[in-house]
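First the structure, in the form of C-alpha cells, and then the observations on it.
Lettering follows sequence order; numbering is per chain, from 1.
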Protein chains: 2
Amino acid sequence: MNKKRSECPLSCSLDIFGDKWSLLIIRDLMFENKCTYNDFLKSQEGIATNILASRLKELEENGVIEKSAHPDSKAKNLYRLTSKGIDLLPILIEVYIWSDKYFTIPADVKEVIQEAKKDKEKFENQIRSKLTTLLEMQKASQI
Amino acid sequence: MNKKRSECPLSCSLDIFGDKWSLLIIRDLMFENKCTYNDFLKSQEGIATNILASRLKELEENGVIEKSAHPDSKAKNLYRLTSKGIDLLPILIEVYIWSDKYFTIPADVKEVIQEAKKDKEKFENQIRSKLTTLLEMQKASQI
DNA sequence: AATATTCACTTGCATTTTGAAAGTTGTTTG
DNA sequence: CAAACAACTTTCAAAATGCAAGTGAATATT
C-alpha cells in the first residue's frame with residue numbers, strides 16, 4: 001500500500017487524509033447526513049466518480065469509514081464513520097474555526113460555527129452522539 | 001490562481017493546505033524551529049526542491065507564511081509563520097491528538113503530545129507566544 | 001584573485017496521480 | 001421487459017510529483 005514517508009504522526013495522518021477530497025467526504029458523513037455513493041457525488045465540489053470510489057476505498061482500508069448493505073436497496077451501500085472517523089471531529093471543528101477568521105463564510109454555515117465556538121465541547125458532544133447512535137444502529141441491524 | 005471549488009469553508013481551507021506537504025512545512029516552522037529553504041529540504045519526508053519552492057510560494061501568496069532577508073547571509077531567506085499561519089496551531093494539535101490514539105508514535109513526540117493533551121490551552125499559548133515573538137523580532141529588524 | 005561551496009531556485013523529463021466522460025454490471029422500478 | 005439507478009471500472013488527457021541537472025548570486029577557502 002502507501003508506505004509511510006516518516007514516523008512523524010502528522011505525516012502519517014496526511015498519508016491518510018492529506019488531499020483535497022477525503023475530508024470533504026468526512027464532512028458529508030459528519031454534518032450533512034450523507035451516507036451513500038450518490039449522496040457524496042452530489043456535493044457542490046463535484047468529485048469525479050473514480051476519485052470518489054478510490055477515496056471511499058482508501059478511507060475504508062484505513063479504518064476511517066465502514067461500508068455495509070443499505071436496508072432499502074440491495075443496489076446501494078451505506079457508508080458510516082467508524083469511531084476512528086468520528087474522532088476526526090475536533091480537527092474539522094478547528095478548521096472551521098480557522099476558516100471563520102480568514103474567509104467570508106455563507107450565513108448558514110457561519111451560524112453553526114458560532115455555536116461550535118461558543119461551547120466547543122457541547123457542540124462536539126452533540127455531533128458525536130448523533131454519529132455514535134447512527135453507527136450503533138447500523139451495527140445492530142447487521143445481526 | 002486556484003479557483004474555489006465551493007463556498008464551503010472546509011473546501012476553501014483544503015484549497016490552501018489540503019495536500020501532502022503544506023502542513024509539514026507549517027509543522028517545521030511551528031515545532032522544529034526551521035526557517036530556511038534548506039531546513040525544510042532536510043526534513044525526513046524528503047520533499048523535492050520544485051515542490052518545496054512551489055509550496056512556499058503558495059503559502060506566501062495565501063498569507064500563511066512570510067519571506068524576509070536572513071540576517072546572517074544575503075544568500076538566505078527567512079521564512080516565518082504569519083498570524084494566519086500561527087492560527088493553524090489548534091488544527092495541528094488536534095491532528096497530533098488523533099494520531100496519538102491511532103498510531104504508534106516515537107517516544108519523544110509522544111511526550112510532547114501528552115503535554116498538549118494534559119493542558120491544551122497552556123501548550124497552545126506556549127507555542128503561540130514563541131512564534132509571535134519570533135514574528136515580532138523579524139518585523140522589528142526589517143526597519 | 002581564483003576556486004569552491006552554499007543557497008534558493010528553475011528547467012527538463014519521466015513517472016504518478018488526477019479527473020471528465022463513457023462504459024459495465026447488478027438491482028429495482030414501472 | 002425496458003428504463004433508471006447504484007457503484008463501480010476503463011480510458012485517456014491533463015496536472016502534479018519527483019529526480020537530476022543547471023543557474024546565478026553570495027559567501028568561504030586557498
Side-chain angles (χ1 to χ4, degrees), chain A residues 1-6 11 14-25 28-29 32-62 64-80 138, chain B residues 1-6 11 14-25 28-29 32-62 64-80 138:
Chain A
M1 285 297 290
N2 301 328
K3 47 181 169 288
K4 282 191 221 177
R5 291 175 293 170
S6 76
S11 161
L14 293 174
D15 288 339
I16 293 180
F17 57 75
D19 69 276
K20 298 246 179 289
W21 296 107
S22 297
L23 287 180
L24 296 182
I25 297 173
D28 287 349
L29 285 160
E32 309 292 330
N33 299 319
K34 299 189 176 183
C35 57
T36 68
Y37 185 87
N38 244 282
D39 289 342
F40 305 132
L41 255 196
K42 279 180 287 190
S43 288
Q44 290 190 309
E45 292 81 12
I47 189 169
T49 57
N50 57 341
I51 303 296
L52 175 56
S54 91
R55 289 301 181 280
L56 288 172
K57 191 179 163 218
E58 285 169 21
L59 288 172
E60 199 189 355
E61 284 170 355
N62 285 311
V64 174
I65 65 173
E66 253 173 10
K67 182 162 62 165
S68 65
H70 197 290
D72 297 351
S73 160
K74 282 184 185 172
K76 286 188 197 176
N77 289 317
L78 204 62
Y79 295 92
R80 292 285 185 215
Q138 182 183 320
Chain B
M1 282 301 289
N2 300 328
K3 48 182 169 286
K4 281 192 221 180
R5 292 174 294 169
S6 78
S11 161
L14 293 175
D15 288 338
I16 293 180
F17 57 75
D19 69 275
K20 297 247 179 290
W21 296 108
S22 297
L23 287 180
L24 296 183
I25 297 173
D28 287 349
L29 284 159
E32 309 294 328
N33 300 316
K34 298 189 177 184
C35 57
T36 68
Y37 185 89
N38 246 284
D39 288 341
F40 306 132
L41 255 197
K42 279 181 286 189
S43 288
Q44 289 190 310
E45 291 82 11
I47 190 170
T49 57
N50 56 343
I51 304 297
L52 175 56
S54 91
R55 288 302 180 280
L56 287 173
K57 190 179 163 217
E58 285 170 23
L59 288 172
E60 200 189 353
E61 282 169 357
N62 285 311
V64 173
I65 65 173
E66 253 174 11
K67 182 161 65 165
S68 65
H70 197 289
D72 297 351
S73 159
K74 281 184 185 172
K76 285 189 198 176
N77 288 317
L78 204 62
Y79 295 93
R80 293 285 184 214
Q138 181 182 318

Rounded distance (Å) that lies between atom [atom2] of [N] and atom [atom1] of [X]:
X       : N      : atom1 : atom2 : value
A/Lys42 : D/dA6  : NZ    : C1'   : 11 Å
B/Lys76 : D/dT27 : NZ    : C1'   : 11 Å
B/Ile51 : C/dT16 : CD1   : P     : 15 Å
A/Leu56 : D/dA7  : CG    : P     : 9 Å
B/Tyr37 : D/dT23 : OH    : P     : 16 Å
B/Lys20 : D/dG18 : NZ    : C1'   : 15 Å
A/Arg5  : D/dG18 : CZ    : C1'   : 13 Å
A/Lys67 : D/dA6  : NZ    : P     : 15 Å

Distance check, rounded to the nearest 0.5 Å: [X] atom [atom1] versus [Y] atom [atom2]?
X       : Y       : atom1 : atom2 : answer
A/Leu59 : A/Lys57 : CG    : NZ    : 12.0 Å
A/Lys20 : B/Ile16 : NZ    : CD1   : 9.5 Å
A/Ile51 : A/Ile25 : CD1   : CD1   : 10.0 Å

What does A/Tyr79 touch in the nucleic acid at a heavy-atom separation under 4.0 angstrom: a base, only the sugar-phosphate, or nothing?
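A/Tyr79: backbone/sugar contact only, no base atoms under 4.0 Å.
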
B/Ser54 near the nucleic acid: base, sugar-phosphate alone, or nothing, with a heavy-atom cut-off under 4.0 Å?
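If one applies the 4.0 Å heavy-atom cut-off, B/Ser54 turns out to touch nothing in the nucleic acid.
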
Given side chain to side chain contact (heavy atoms under 4.5 Å, CB included), test B/Arg55 with B/Leu24 step by step and report yes or no.
CA-CA 10 Å; B/Arg55 288 302 180 280; B/Leu24 296 183; over 6 Å; no

Side chain of A/Ala48 only, please: which of C/dA20, C/dA22, C/dA8 is the nearest?
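When the side chain of A/Ala48 is considered, C/dA20 is the closest of C/dA20, C/dA22, C/dA8.
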
B/Thr49 side-chain proximity, nearest of D/dA6, C/dA8, D/dA21
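Output: D/dA21.
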
5'-most by nearest nucleotide on DNA chain C - A/Ser73 or A/Asn50:
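Between the two, 5'-proximity favours A/Asn50.
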
With DNA chain C as reference, determine whether A/Lys74 or A/Arg55 sits nearer its 5' end, using the nearest nucleotide of each.
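So the residue in question is A/Arg55.
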
Would the distance check show the side chain of B/Asn62 and the main-chain N or O of B/Val64 forming a donor-acceptor pair, the cut-off being under 3.5 Å?
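No, the answer is negative, given that no donor and acceptor are paired below the 3.5 Å cut-off.
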
Think B/Trp21 has a side-chain N or O under 4.0 angstrom from the OP1 or OP2 of D/dG18?
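Yes, B/Trp21 has a side-chain N/O under 4.0 Å of OP1/OP2 on D/dG18.
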
